[in-house]
K.L.:
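The structure that follows is given in the form of structure tokens.
What you see is a predicted model, and the numbers here were worked out from it, not measured in a lab. Because only heavy atoms are used, hydrogens play no part in the values below, and waters and symmetry mates are left out as well, while side chains stay in. In the text below, chain A, chain B and the rest are named by the order of the sequence lines, each starting its count at 1.
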Amino acid sequence: MIWLVFAFAIWALGWWINAWLAALPRTRLTRLAVPVIFGLTLIAVWEGIVHGLEISPILLPAPSMIAMRFVASTAILWEDFVQTVIKGALSGYVLGCGTAFLVAILVDRFDFLRRGLLPVGNFVAALPVIGMAPILVMWFGFDWQSKAAVVVVMVFFPMLVNTVQGLADSSVMQRDLMRTYAAGYWMTLLKLRLPAAMPFVFNGLKIASTLALIGAIVAEFFGSPTRGMGFRISTSVGQLALDLVWAEIVVAAVVGSGFYGGIALIERAVTFWHPSQRH
Amino acid sequence: MSVISAQHLDLTFQTNDGPVHALRDVSLNIEKGEFVSFIGPSGCGKTTFLRCMADLEHPTGGQITVNGVSAAEARKARAYGYVFQAAGLYPWRTIGGNIRLPLEIMGYSKSDMDARVERVLELVELAGFERKFPWQLSGGMQQRASIARALSFDADILLMDEPFGALDEIVRDHLNEQLLKLWARTEKTIAFVTHSIPEAVYLSTKIVVMSPRPGRITDIIDSPLPKERPLDIRDTPAFLEVAHRVREGLRAGHSHE
Amino acid sequence: MSVISAQHLDLTFQTNDGPVHALRDVSLNIEKGEFVSFIGPSGCGKTTFLRCMADLEHPTGGQITVNGVSAAEARKARAYGYVFQAAGLYPWRTIGGNIRLPLEIMGYSKSDMDARVERVLELVELAGFERKFPWQLSGGMQQRASIARALSFDADILLMDEPFGALDEIVRDHLNEQLLKLWARTEKTIAFVTHSIPEAVYLSTKIVVMSPRPGRITDIIDSPLPKERPLDIRDTPAFLEVAHRVREGLRAGHSHE
Amino acid sequence: ADDVTLQLKWVTQAQFAGYYVALDKGFYEEEDLNVTIKPGGPDIAPTQVLVGGGADVTVDWMPSALAAREKGLPMVNIAQPFKSSGMMLTCRKDAGITSTDDFPGKTLGVWFFGNEFPFLSWMSKLDIPTDGSDQGVTVLKQGFNVDPLLQGQAACVSTMTYNEYWQVIDAGLTPDDLTVFKYEEQGVATLEDGLYVLEENLADPAFEDKMVRFVRASMKGWKYAEANPDEAAEIVLDNDASGAQTEEHQKRMMGEVAKLTSGSNGALDPADYERTVASLLAGGSDPVITKAPEGAWTHVITDKALN
Amino acid sequence: MSRSVLPVTTVVCAIFALWYVAAIWLNAPWAYDKATRTGELLNAQSLILDTWSQKKPKLPAPHQVAVEIWETTVEKKITSKRSLIYHSWITLSATLLGFALGTGLGIALAVGIVYNRTMDMSVMPWVIASQTIPILAIAPMIIVVLNAVGISGLLPKAMISMYLSFFPIVVGMVKGLRSPDAMQLDQMRTWNASPSQTFWRLRLPSSMPYLFTSLKIGMAASLVGAIVGELPTGAIAGLGARLLAGSYYGQTIQIWSALIMAAALAASLVALIGVIQRVTLKRMGMS
Ligand SMILES: Nc1ncnc2c1ncn2[C@@H]1O[C@H](COP(=O)(O)OP(=O)(O)OP(=O)(O)O)[C@@H](O)[C@H]1O
Ligand SMILES: Nc1ncnc2c1ncn2[C@@H]1O[C@H](COP(=O)(O)OP(=O)(O)OP(=O)(O)O)[C@@H](O)[C@H]1O
Ligand SMILES: Cc1ncc(C[n+]2csc(CCO)c2C)c(N)n1
Ligand SMILES: [Mg+2]
Ligand SMILES: [Mg+2]
């Protein structure tokens, strides 16, 4: 009971502080502090509820327990991180986004391809990739290569569709201007279409960044060496080590958010000119 | 030989509402060094006609030659500079970068580019704004940058589509004066679209009045005004006389009333 | 008692480039039934001033009252109709639906609404277009619909921000005439922003000339023209005389040159 | 009627025929029970479901049940329909495996999710490290099927006598191509497919009574299934909502499962239990359980049910 | 429309051709493996025929998948557990429920974010973080936890599909509800409109194009969620169960047919939203 009251009190306090901060003029500090306080509040409420309702740690461990496990298992977490994130997700992300970008330029160049490939692409993009995972594991083996392949498949179409859309985004007038200069295809691509496509390209990159990690982890459920975040999660559930499972999830969330944030930062630098970046 | 010569130009847009006759049997000759204004109600085909000259639109009938060759060849030879109705600067390039754009495409040397950018920026009184991005400038300044961009390379023909539409009267007067000076100095041939009767009369050696549905030329007025034109010329009877004739021409072709 | 009374109004915008003084020590009284035009170069604070009257902007200093109460109270009492610089019709509503919008919000009865929509549509000569969507109309017609919307409910004050900016000269002349007629008939108090000197002179009983950085009033000209104004009045010496004074006032305050 | 929910360890198949037969033949109904059978799956941990209250009783393997008990989760074995273990390691001869001495340097497929314990015990008994070093073996987390063996990605994979082994055979490999290590024969067999409940529930006489009736009916189901394997397989097929099982495979599976259950009347043989515990405790540096558990099984239910 | 028929058929044909070639390439090792064990010799023709007709191919040939789909849709009663239509229906019901929940949650959050400054500043980063959690990892836990509080059956699956679908909807609707420009909002102020009037008459209508775009993405995500949710429910029924069962028994043909079916389902659901979008926007005069 005390714990529940504690949870509720923390919630009220956190909300009150945030409401107060949000009413202040926006600065870099408040913009950072508000979501952090919100997150801390959530965690405190979670802690309170787990203790208050006496939820079994096998169903939902308390944040304090997860934190302790996290500290105690950094070596394992690091090993899994390298296997899944660096080898699986990152390589697949780079490969998938890279090829999608090049294919997008090709598709954009040939109208025939655009009209033929995009509808088919939309169909293929609707494939639930979860189903592709066992197949790709079968094709590419157990190690990180198959994880990278799953990631490639997952990120390819969002990236392709966004880039193609972006390449078509320049206005008629902007393109006419290039014609008045008698600029050729490559000149127009380089000086107009690619810069104009950047907001879309980054949109694709951001979507792909959350997909990449999920893809790599999910693929590990269908066969893996004895390391990796997906491996650890599924094995640990079997061993009822839920605290380790959640520690892995924390790593995934932190890495995923960091990845997303990093790309958003680059986006800010590259597409500084776009109205959406100027409030 | 005329710099621009249109013979019986027809242009019909196919739309899902049926065909739109944007131009019908339009014939016009523009000689070297002329300053020709196009005036007419909204939708009468002024922009379309200018775009035909620039090979941005393809007539469905008739003939158009620029510098004695087809419009397409003239475009490929980079015979003209075009100023669009809206400024149309690339937001990811600075003002300087925008002006440099055609020069890069046409392969000017680095030092030549720098000199030209500086010169045209001074011409439109934007010196010191080279490093700014378009959205950091007012609409009028952007419009001037876009004019500078069209002037930066050596084209003898200047096609301008309502370049001063977004500007207030005083700035507009000023730029009108500047444009006249530039034209007198460089002997360019200029085709100029406007909505403003005083502007058309003040600037032009020839005023083409158009009317819509289908777009055609209803009147061509040769201006009796001298080449030297102080702003006060707008209060002279000769000026008002021409303005009156333009207004009558416009009113006749106007669908309203 | 003045309908609108501004005393030593100051308004400074805080931007990341530092403060922008949009209005500085602006004082003005507008009496019932007056037609006041605001003219001045781009960025001199005309829109800002109008927005202060409408309680869309909050002055950082000074006092403004509308109908004797604060601007906020006047807004809540729905004391005015506001016509924005662009037409700003909702694309998902028909012309009729757009005009009905403020009436719905203010809770008019269904039959009253219908009657009012019909009346204002006739007023701006758009009868028969009630069922059309905005994009099915030309720019001028849209602008008229937006004026109709501001007229549909019973506000004695009309605040208009360059309502005819996007129109060509002929249509503009026509609407100017209509507006004058409406004003004569209804005795509304009108504040009207424009860039065009002839328009300001033709319409107003009082012309307020403003100048920028910081925005302030440089001249207030009471028009000697009669209330009855045919279009030809624009060629009379009295008219040209006022226009000249406005132009001089503008030029003096202009940063250019 | 009293409600009982049974959580299976795996998907609907003849491995669980006894329960489906008891349900289908009305044996549960005769005991005044209203039984719901929840199929398991690759990511269902039966213990977790039990703790969450999603089931009253579950089918689980003893190693994972004992590991859970040591984690503070008091699982109790109330009946043991499977007498012997069906687990094996199936290897390809052409991968160079004819005896356990050939393991070092090879890649072996192993099930995880709580099923890795018997394998780890065995390897520590053989003194073969599982870290992928030259003297040790490389362990793969095997997916749900025997592909790694067929594709040549692993030299051996884990199989059950009644299931995966036949998938290998169906795929076209013959018993001559294979070397098979049965855990029973290697002396590392652990008890499989027992019925487990939470200790705290057993304290309740009403629950105890329910379980007595449940076990009695279930064993009746098992014995019926042993006697009528084809009919039992049909019943299983009827209950398979995924529609993915084939008659041929289920009949064969039933035949093999019958071999494992025939030695049991339902009561846990304490000797088997001791053997399992000993095997799990002998896990070398990283044993599955660190001390012999207490109270991990009871004969209370089977005594009442079977006499 | 008709202009894209030729390109699409060309691309589809190219894909099939590639697919057949890939089938030869991927299935050949097993064919050789079999041949060496039986000691027979393979010529090119029998190799190709074998690779296109294996029982458990690494990559089934298109016609094998087509035959399987035909047999499990047209030739089975739709109430049969072996009918793909039956399984599609199970997945579809979870998808639709999850989609409805996700849309509701997404819109509610978006309204909160747009109207409440505190929510605006605090919620969004966590919504993004929530999507970086590997759903398959927590799906079993969600199912178990919901089971613990007595919720089972359709709802747990729908919750997972909601978890995946609310994200695109929040993002799209926040953008959409903020799409009215300052002038339109000022207009509402000049009429002294209340917040709810502003919402219903301005913000909501102007968010429509964004709403439909995000509904399309959300629908596809919902389907993935429903399938993921079916895996840990013990592969009882549904397309996810077919995928898993196929994978469990190495039945690649079954996996592929379930996959194709799922893609077709997703494509038609998205197309359906497209139709609704066109009708709605047309009636609103926005297309
Ligand atoms: N791409 C197009 N497709 C179909 N119709 C077009 C197209 N471009 C222009 N039109 C139509 O052709 C006619 C002439 O258009 P144009 O833009 O040349 O008019 P304008 O005289 O420049 O008008 P404004 O003064 O408003 O700029 C108009 O009725 C217009 O609707
Ligand atoms: N929201 C704002 N934030 C910061 N500065 C603003 C804002 N609104 C207007 N300004 C600045 O205040 C000054 C006056 O603007 P205002 O819109 O009133 O000019 P205006 O006279 O209406 O010009 P125009 O004729 O171009 O419409 C300008 O310098 C403008 O940049
Ligand atoms: C992910 C996963 N892989 C393997 C097993 C092991 N397992 C336990 S019972 C059973 C059925 C035998 O036919 C199998 C394969 C599991 N539980 N979960
Ligand atoms: Mg035009
Ligand atoms: Mg303004």
Side-chain angles (χ1 to χ4, degrees), chain A residues 50 53-61 65 69 75-76 79-80 83-84 88 130-147 150 217-246 248-249, chain D residues 9 40-54 60-61 63-75 107-117 119-120 130-132 136-148 150-154 157 198 200 288-289:
Chain A
V50 166
L53 298 181
E54 293 182 347
I55 293 176
S56 161
I58 284 169
L59 291 178
L60 186 67
M65 204 174 147
R69 186 56 187 247
I76 292 183
E79 186 190 359
D80 295 345
Q83 169 74 13
T84 305
I130 308 295
M132 293 294 292
I135 293 169
L136 292 170
V137 170
M138 182 166 102
W139 288 358
F140 292 96
F142 278 81
D143 215 343
W144 59 270
Q145 291 87 346
S146 61
K147 318 304 174 280
V150 171
I217 292 178
V218 164
E220 284 177 345
F221 276 63
F222 296 87
S224 68
T226 51
R227 64 186 113 83
M229 299 168 74
F231 165 80
R232 199 74 57 197
I233 288 173
S234 84
T235 311
S236 304
V237 172
Q239 299 172 347
L240 303 180
L242 271 281
D243 47 355
L244 185 55
V245 172
W246 279 95
E248 293 279 359
I249 291 178
Chain D
K9 181 179 176 55
D43 297 308
I44 290 284
T47 30
Q48 219 184 13
V49 178
L50 208 59
V51 173
D60 205 353
W61 289 3
S64 73
L66 293 185
R69 194 176 174 84
E70 190 162 285
K71 278 235 147 53
L73 204 109
M75 306 260 291
T107 300
L108 313 184
V110 176
W111 290 316
F112 278 79
F113 207 76
N115 305 303
E116 66 274 34
F117 301 128
F119 173 82
L120 295 176
T130 55
D131 53 3
V137 292
T138 303
V139 175
L140 284 184
K141 182 199 163 208
Q142 182 177 329
F144 315 117
N145 55 43
V146 293
D147 277 347
L150 304 179
Q151 312 284 352
Q153 290 163 350
V157 292
L198 285 180
E200 66 205 40
V288 178
I289 49 176

K.L.:
Applying salt bridge (charged side-chain N to carboxylate O under 4.0 Å, His left out), name anything that partners D/Glu70, two or more places apart in sequence or on another chain.
P.N.:
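Once residues adjacent in sequence are excluded, D/Glu70 has no partner under the salt bridge (charged side-chain N to carboxylate O under 4.0 Å, His left out) criterion.
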K.L.:
Is any side-chain heavy atom of D/Leu73 closer than 4.5 Å to a side-chain heavy atom of A/Ile58?
P.N.:
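Of all side-chain heavy-atom pairs linking A/Ile58 with D/Leu73, at least one is under 4.5 Å.
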K.L.:
What donor-acceptor contacts under 3.5 angstrom involve side-chain atoms of residues 219-232 of chain A, with partners at least two apart or in another chain?
P.N.:
residue, atom, partner, partner atom, Å
A/Glu220, OE1, A/Thr84, OG1, 3.3
A/Glu220, OE1, A/Met229, N, 3.2
A/Glu220, OE1, A/Gly230, N, 2.5
A/Glu220, OE1, A/Phe231, N, 3.4
A/Glu220, OE2, A/Thr84, OG1, 2.9
A/Arg227, NH1, A/Gln83, OE1, 2.8
A/Arg232, NE, A/Asp80, OD2, 2.8
A/Arg232, NH2, A/Asp80, OD1, 2.9

K.L.:
Among D/Ala67, D/Ala68, D/Gly52, D/Ala45, which residue forms the greatest number of heavy-atom pairs with chain A at distances under 4.5 Å?
P.N.:
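The option with the most such pairs is D/Gly52.
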K.L.:
What part of D/Gln48 gets within 4.5 angstrom of chain A, counting heavy atoms only: side chain, backbone, both, or neither?
P.N.:
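Contact with chain A involves both backbone and side-chain atoms of D/Gln48.
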K.L.:
Which region of A/Ile55, side chain (C-beta onward) or backbone (N, CA, C, O), has a non-hydrogen atom less than 4.5 Å from a non-hydrogen atom of chain D, or is it both or neither?
P.N.:
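It is neither, since no heavy atom gets under 4.5 Å.
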K.L.:
Got a second to check how far A/Asp143's CG is from D/Gln153's CD, nearest 0.5 Å?
P.N.:
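The CG atom of A/Asp143 sits 10.5 Å away from the CD atom of D/Gln153.
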K.L.:
Please report the interatomic distance NZ(D/Lys141) to CZ(A/Phe142), rounded to the nearest 0.5 Å.
P.N.:
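Reported value, rounded in 0.5 Å steps: 9.5 Å.
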K.L.:
Examine whether an atom of A/Ser56 lies under 4.5 Å from a heavy atom of chain D, and if so say whether it belongs to the side chain, the backbone or both; otherwise answer neither.
P.N.:
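For A/Ser56, the contact with chain D is made by the side chain alone.
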